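The structure presented is a predicted model; accordingly, all values stated were derived computationally and were not measured. Order of appearance sets the numbers: ligands from 1, and atoms from 1 within every ligand. Excluded from the calculations below are hydrogen atoms, water molecules and symmetry mates; all remaining heavy atoms, backbone and side chain alike, are included.
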Amino acid sequence: MKPQHIEHIGIAVKNLQASIKFYEEVLGLACYKIEEVEDQQVKTAFFKVGDTKIELLESTSPEGPIAKHIEKRGEGIHHIAYAVDNLPAALQEAESKGIQLIDREPRKGAEGLRIAFLHPKSTHGVLTELCEKPE
Ligand code: ZN
């Protein structure tokens with residue numbers, strides 16, 4: 001599937017506003033967007049670093065996947081997202097190579113991207129997201 005670049009790195013945080021401060025005041029990046037993705041029960045904040053973005057994720061529900069992740073492992077890197085040309089084809093290829101898919105069909109992610117996750121059991125422990133820009 002040959003990803004073009006790392007689209008973003010997803011980081012689970014307890015408090016979006018407090019975390020934004022670190023990225024702005026210490027790293028000197030600018031948060032250019034805050035967006036809620038109801039589907040995934042998260043509020044996200046985005047920063048650009050070259051071609052790659054940092055996506056901070058705060059859970060909007062105590063039952064959400066990010067809340068559960070923080071409960072188990074604390075704050076920190078949650079997933080790595082690769083930009084691919086053709087997401088359905090990439091998913092098919094991954095499955096044909098024995099990778100366990102979390103999403104068999106692309107779904108809607110933040111920033112209007114079409115996204116799908118590969119299971120960390122099949123990816124040596126890294127929750128891996130593939131994403132494609134809509135046409
Ligand atoms: Zn993501």
* To do: Test L127 against every option in I80, I102, I77 by the side-chain contact (heavy atoms from CB on, under 4.5 Å) rule and name the one that passes.
  => I102
With rounding to the nearest 0.5 Å, note down the distance linking [atom1] in [X] to [atom2] in [Y].
X	Y	atom1	atom2	value
S122	E95	OG	CD	10.0 Å
I11	Y23	CD1	OH	3.5 Å
L118	L130	CG	CG	4.5 Å

* Structure fact -> Note, the Zn ion (ligand 1) has protein N, O or S atoms under 2.8 Å numbering 4
Give every donor-acceptor pair under 3.5 Å between a side-chain atom in residues 51-58 and any protein atom, sequence neighbours left out.
{"from": "T52", "atom 1": "OG1", "to": "I6", "atom 2": "O", "distance (Å)": "2.9"}
{"from": "K53", "atom 1": "NZ", "to": "E7", "atom 2": "OE2", "distance (Å)": "2.7"}
{"from": "K53", "atom 1": "NZ", "to": "E111", "atom 2": "OE1", "distance (Å)": "2.7"}
{"from": "E55", "atom 1": "OE1", "to": "H8", "atom 2": "NE2", "distance (Å)": "2.9"}
{"from": "E55", "atom 1": "OE1", "to": "H79", "atom 2": "NE2", "distance (Å)": "3.2"}
{"from": "E58", "atom 1": "OE2", "to": "L16", "atom 2": "N", "distance (Å)": "2.7"}

* Flag if over 12 foreign heavy atoms under 6.0 Å of NE2, H5 -> yes
